[in-house]
Amino acid sequence: MSTFLRCLNSIKRERTLAWLTPSQRVAMAQAAQLLHLPGHVNLFGSIGVGKTFLAWFVADQLGYLYLPHPTKLTESDRPPPAGIVIDNCSSQRSTHRELLKELSFCGINRSMLVTRTMLQDYSHFVHLTLTDEDQIQVRLNVARIGCVLATENTWNLWSLINSRDQE
């Protein structure tokens, strides 16, 4: 197993609410408020801002099912959960509407759909960004579990964790 995958698996196992960055804390509060009532929320942001990490937390905190991709929705034989978080969704309006139909058919009336760009449809949304403070928090978190990081600030968190120093 590569050092990167070992680091990523450690992050998944060791994460706590304290691991959220300042931007993720704000986005988490917004998402939780919007998901309090039935409906769908779009969490969006550029590559590597921590959307997936935040999606895991939202699913954990709200008791929702987390799916890494919309295609996994049809693979689940489970009864409808309280809600669902679906990562790697398309932001195209037609694809979004098809997914909403599928969710309705499955009896799921609360969801957070994670995309790179804002959905081009009527939807509540939460925009996640990456700040210097966020990078500092991630560096502290990951250093605690012994992962080597890139020495310079990077434009996204994947680059920070998948450092060339680990090869």
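Checked by atom type, the side-chain pair Asn42/Ser123 shows no donor-acceptor distance below 3.5 Å.
Closest non-hydrogen pair, Leu130 versus Gln135, comes out as CD2-NE2, 4.0 Å. Across all non-hydrogen atoms, the minimal contact from Gly50 to Gln24 is O-NE2, 3.1 Å. When all heavy atoms of Lys51 and Val114 are compared, the closest pair comes out as CB-CG1, 3.7 Å. Closest non-hydrogen pair, Ile47 versus Arg116, comes out as CG1-NE, 3.5 Å. In plain terms, the two heavy atoms of Cys89 and Ile86 that are nearest each other are SG-O, 3.3 Å. For Thr95 against Ser90, the heavy-atom pair with the smallest separation is CG2-CB, 3.6 Å.
One finds the NE2 atom of His96 at 10.0 Å from the OG atom of Ser91 (value rounded to the nearest 0.5 Å). To the nearest 0.5 Å, the span separating CG on Leu119 from CD on Gln92 amounts to 10.5 Å. Once rounded to the nearest 0.5 Å, the distance linking CG of Leu100 with CG of Leu113 reads 6.5 Å. Ser10 OG to Arg144 CZ: the interatomic distance, rounded to the nearest 0.5 Å, is 14.5 Å.
Side-chain N or O atoms of Gln120 include one that pairs as donor or acceptor with a backbone N or O of Met118 at under 3.5 Å. A donor-acceptor pair is defined here as one N or O able to donate and one able to accept, closer than 3.5 Å; no such pair exists between the side chain of Glu133 and the backbone of Pro22. A distance-only check finds no donor-acceptor pair linking the side chain of Asp60 to the backbone of Phe57 [under 3.5 Å]. For Asn141 (side chain) and Trp19 (main-chain N/O), a donor-acceptor pair under 3.5 Å exists by modelled atom type.
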Query raised in the report: Should Leu73 and Ile84 be marked as a side-chain contact (heavy atoms from CB on, under 4.5 Å) after you check the CA-CA gap, both sets of side-chain angles, and the distance that decides it?
Result: CA-CA 9 Å; Leu73 183 61; Ile84 194 164; 3.7 Å; yes

Requested in this report: Please step through side-chain contact (heavy atoms from CB on, under 4.5 Å) for the pair Cys7 and Val142, ending with a clear verdict.
Outcome: CA-CA 8 Å; Cys7 183; Val142 176; 3.9 Å; yes

Query - Step-by-step side-chain contact (heavy atoms from CB on, under 4.5 Å) determination, Val126 to Leu54 - result: CA-CA 11 Å; Val126 175; Leu54 180 58; 5.7 Å; no

Report task. Show your working on side-chain contact (heavy atoms from CB on, under 4.5 Å) between Tyr122 and Arg93 and close with a plain yes or no. Result -> CA-CA 9 Å; Tyr122 302 104; Arg93 186 177 192 178; 3.7 Å; yes

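Using cut-offs of 30° and 60° for the angle between ring planes, the Phe44 and His127 rings count as parallel.
The shortest side-chain heavy-atom distance between Val58 and Leu43 does not fall under the 4.5 Å cut-off. Under the 4.5 Å side-chain criterion, counting only non-hydrogen atoms from C-beta, Thr21 is not in contact with Phe53. Within the 4.5 Å cutoff, no side-chain heavy atoms of Val49 are placed close to those of Ser23. Counting heavy atoms from C-beta on, the side chains of Val85 and Leu62 never come closer than 4.5 Å.
For the pair Arg110 and Tyr64, the cation-pi test (distance below 6.0 Å, angle within 45°) is failed.
By the rule that hydrophobic residues join a cluster once side-chain heavy atoms approach within less than 4.5 Å of another member, Val138 and Val26 end up as members of separate clusters. Hydrophobic clustering of Ile, Leu, Val, Met, Phe, Trp and Tyr side chains at less than 4.5 Å, counting indirect connections, keeps Ile145 apart from Ile136.
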